[in-house]
Engineer: 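Okay, handing you the structure first.
Counting starts at 1 for both ligands and their atoms, following the listed order.
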Amino acid sequence: MEKGQYWNEKIETLPTEEIKKLQLQKLREQVKHCYENSSFYRKKFDSVNLKPEDIKTLDDLKKIPFTVKSDLKENYPFGMVTVPSDEIVEVHASSGTTGNPIVGAYTKGDMEMWQEIMARSIYTAGGRRQDVIHIAYGYGLFTGGLGFHYGVQKLGAKIVPASGGMTQRQIKLMKDLGVTMLACTPSFAVYLAETMAQEGVVPQRDLKLKRGMFGAEPWSDKIRERIQKDLGIEAFDVYGLTELCGPGVSVECNQHDGLHIWEDHFIVETIDPNTGESLPNGEEGELVFTTLTKTGMPMLRYRTRDISKINREKCKCGRTHARMQRITGRSDDMLIIRGVNVFPSQVEYAVMCFSELATQYLIVVDRPGALDTFVVKVELCEKACKDTQLDRNSLKSEIQKRIHIVTGISADVEIVKPGELPRTEGKAKRVLDLRKGKM
Ligand SMILES: [Zn+2]
């Protein structure tokens, strides 16, 4: 049976007052669950003399102390789980920049909830049962690949679980299998489009591709325009993080004016990242989420470090759930170079595009005079280093071009020998910002 415009019409168009009622009821249950089953949350509550019964209105949420990323790292791996260990049926993890990874632990119910909001998100972005959906997010611990996989499964469309890598073969499959929808990171979409151009594949002529869902890294409107034009598709932004479940927390509708946050599962707040004070709707600040329906590893007032603002005006699509402005950056990692926001993940992506390079890289930013310098040091892999035919100058200019496409600014690239960049325990240092103290 076809569903019409909405995946779940009743919930998606629920009047705001009803959403609030639902949220309050779920919040009170969640708070009680956390207090009774987690020494971590009980300590937090006790530290401010708060009892679950004190949460009587949605506004009382503000009395609960924040949960932050370091809480998850300190309680790695399962210190924040609030159910008996045998109720956890799946675990995911995201790579942090330092120390322990962030782990997400799911009960059977949490998996069903994730699958439901992913299906709803894909449907909101126009995905239907008749679609052939190519998932080029990485499969594995990362929530991108499997999150989409579960959602498409629920939707009942055809899944092509391509994962990452082997771009040429991916393009062939997209062509041969009649792929109509693409899910991947925005930078991989750009790379796909470029590889297609090199291979003489014209998406508008050779593919049935109509739309794509892109997320897991910050992207600009410029990149969106490029993806839409080069692939001949409509691009939708999708948002989520491992701490909350993975992708599917919010998604763009066909109005492309912000991402609807599924408020029957999450409460969103914005705060001043410096003072922690709550901000009114429409003011830009750090997003803070409370999970209402997750029971395995619930988050109360989790600080995402993502900067955005909330729009509660009614959307033309008819959905009543609040919208967040697309994420332009994670406050933790962002560098501002010559006035442009640059993320190490963008440079990383550019480096990954070259088989001649190892995965190690180092971004060096300095300000010797009035202007920032932006140097990216990359390492040749062993094989490329031994290759006497390799034209290092043209490789260098190709890398520079790619970094420019991804970040929007030009970098000086230095190619060094294998093993030359510094390595440390765990994840390597990626950024050396020599401007600090010169500002
Ligand atoms: Zn909408």
Engineer: Are the charged groups of Glu398 and Arg402 less than 4.0 angstrom apart, N to O?
Structural biologist: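 Judged by the 4.0 Å cut-off on N to carboxylate O distance, Glu398 and Arg402 do not form a salt bridge.
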Engineer: Salt bridge check: are Glu194 and Lys401 linked by an N-O gap of less than 4.0 Å?
Structural biologist: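 Judged by the 4.0 Å cut-off on N to carboxylate O distance, Glu194 and Lys401 do not form a salt bridge.
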Engineer: At a cut-off of 2.8 Å, what protein N/O/S atoms sit near the Zn ion (ligand 1)?
Structural biologist: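 Result, waters dropped: Cys253 SG, His260 NE2, Cys315 SG, Cys317 SG.
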Engineer: If the threshold is 4.0 Å, N to carboxylate O, is there a salt bridge linking Arg312 and Glu263?
Structural biologist: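 Salt bridge present between Arg312 and Glu263.
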Engineer: Identify whether the distance between the nearest side-chain nitrogen and carboxylate oxygen of Asp257 and Lys316 falls below 4.0 Å.
Structural biologist: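 Salt bridge absent between Asp257 and Lys316.
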Engineer: Where does the angle between the aromatic ring planes of Trp114 and Tyr106 fall among parallel (under 30°), tilted (30 to 60°) and perpendicular (over 60°)?
Structural biologist: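 The rings of Trp114 and Tyr106 lie parallel, inter-plane angle below 30°.
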Engineer: Where does the angle between the aromatic ring planes of His260 and Trp262 fall among parallel (under 30°), tilted (30 to 60°) and perpendicular (over 60°)?
Structural biologist: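 Geometry flag for Trp262 against His260: parallel rings.
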